[in-house]
2 protein chains.
Amino acid sequence: MTIEEMCEHKSMRMTDQRRVIAKILDNADDHPDVEELHKRACLIDKNISVATVYRTVRLFEEAGILVRHEFKDGRSRYENVDTSDHHDHLIDIENGEIIEFMNEEIEVIQKKIADTLGYELIDHRLELYGRPKATKKNPK
Amino acid sequence: MTIEEMCEHKSMRMTDQRRVIAKILDNADDHPDVEELHKRACLIDKNISVATVYRTVRLFEEAGILVRHEFKDGRSRYENVDTSDHHDHLIDIENGEIIEFMNEEIEVIQKKIADTLGYELIDHRLELYGRPKATKKNPK
DNA sequence: CTACATGCAAAAGATTTGCTTTGCG
DNA sequence: CGCAAAGCAAATCTTTTGCATGTAG
């Protein structure tokens, strides 16, 4: 289901701006920040303001349509929620590339840790920061 | 070894302000942010400016004396590095309390994940956000 | 029609920085 | 003494907000 369809199901008021932003997010396979979203939105309609982008992503986040991430670069990045059957992220510190991964084992341990400490696990954040290994394929 | 001693070993220039901030950090058993550090510093010397606190924690961080954390509350919090035989954090979303924990198993898996993806693990972030379980001790 | 969304610019919150003065080594 | 550090305020950066205007339903 597209984001626009989700919005309609939740009977949100659909404006041109929201449709543009929704479409961009549907097509994004990366983790764009607001500036990047605004840039892409302006290619379609140069009158969309950053304020609207901020308001829209917040709206979508609150509606459970997007997830917000704050990696160590200091700005918020967004990701389509339906893509994510829950995964975590590895950030390439050399070029900023973000790789998704999933690990059931860690999920289980996390829950167990929280439980042991007397907590119900509500949310978590797991980010790995790595540098590409020197590829030694075809060593001479 | 106290922070002040570490600074001297690294032949940093020691000012009164730095000594005050160093001492506060030595005595802190929590994860104070800059505002909190500044508040505590002012109790000792009301002339210390926030700018100095910011500069000092950055200095200490770069010298490997402090670790900076950015939990989901949006500001940086600092922790004495020597205390930490590497641990992660569980944040109580009800009252902001921060609990440290250690889990060797997760560390190993993380390294393995990075390796599998072709990366050398440089850094990571693992935070659990939880709500205290209803304690049913002594149920009547 | 009317409540809600947008644009714009100003405000806010955290952190950094330029510049002058102060003080450690 | 000289160069690094402090203080203060102004500047930055990201995100939010107030207000007048536009528009979806």
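Order of the sequence lines fixes the chain letters, A, B, ..., with proteins taken first and strands second; residue numbering starts at 1 for each chain.
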Going by heavy atoms in the side chains, are A:R125 and A:H69 under 4.5 Å from each other?
-> no
B:E70 CD to C:dA14 P, in whole Å, measures 13 Å
Out of D:dA6, C:dG7, C:dT15, which nucleotide sits closest to the side chain of B:V34?
-> C:dT15
Do the side-chain N and O atoms of B:H87 and B:E79 include a donor-acceptor pair separated by under 3.5 angstrom?
-> yes
Could you state the CD-P distance from A:E35 to D:dT12, rounded to the nearest angstrom?
-> 16 Å
Can you tell me how far C1' of C:dT15 sits from NZ of A:K72, to the nearest Å?
-> 18 Å
DNA chain D contacts made by residues 39-48 of chain A, counting heavy atoms under 4.0 Å = none
Taking atom CE of B:M12 and atom CZ of B:F60, what is their separation to the nearest 0.5 Å?
-> 6.5 Å
Is A:K133 positioned over the aromatic face of B:Y119, cation under 6.0 angstrom from the ring centre and no more than 45 degrees off axis?
-> no
When rounded to whole Å, the CE to C1' distance for the pair B:M12 and C:dG25 reads 16 Å
Write down the distance between CZ (B:R58) and P (D:dA5), rounded to a whole number of angstrom.
-> 12 Å
The single option from B:D26, B:N27, B:V67 passing side chain to side chain contact (heavy atoms under 4.5 Å, CB included) against B:N80 | B:D26
Is B:S49 near enough to D:dA6 that one of its side-chain N or O atoms lies under 4.0 angstrom from OP1 or OP2?
-> no
At how many degrees, to 10°, do the end axes of the helix from C:dC1-D:dG25 to C:dG25-D:dC1 meet when each uses five pairs?
-> 30°
Below 4.0 angstrom from OP1 or OP2 of C:dG7, is there any side-chain N or O of A:Q17?
-> yes
For the side chain of B:D16, starting at C-beta, report the closest nucleotide among C:dC24, C:dT6, D:dA9.
-> C:dC24
Contact check, side chains of B:D73 and B:R75, non-hydrogen atoms, under 4.5 Å = yes
Separation between CD of A:E8 and CD1 of A:I3, rounded to the nearest 0.5 Å | 12.5 Å
Euclidean distance, atom CZ of residue B:R75 to atom C1' of D:dT14 [Å, nearest integer] | 16 Å
Selection from D:dT15, C:dT17, C:dA14 that lies nearest to any side-chain heavy atom of A:S76 = D:dT15
Side-chain donor-acceptor pairs of residues 41-50 of chain A under 3.5 Å, sequence neighbours excluded:
residue	atom	partner	partner atom	Å
A:D45	OD1	A:N47	N	2.8
A:S49	OG	A:T52	N	3.3
A:S49	OG	A:T52	OG1	3.2

Quick one: B:I21 CD1 to D:dA5 C1', roughly how many Å, whole number?
-> 11 Å
From the list B:H89, B:H31, B:E36, B:R68, side chain to side chain contact (heavy atoms under 4.5 Å, CB included) partner of B:R77 resolves to B:H31
On DNA chain C, nearest-nucleotide positions of B:Y54 versus B:T15: which is more 5'?
-> B:Y54
Can you tell if the side chain of A:E4 reaches within under 4.5 Å of the side chain of A:M14, non-hydrogen atoms only?
-> yes
Of the nucleotides D:dT17, C:dG25, D:dA9, which has the atom closest to the B:R13 side chain?
-> C:dG25
Nearest-Å distance, NE2 (B:H38) to C1' (D:dG7)?
-> 10 Å
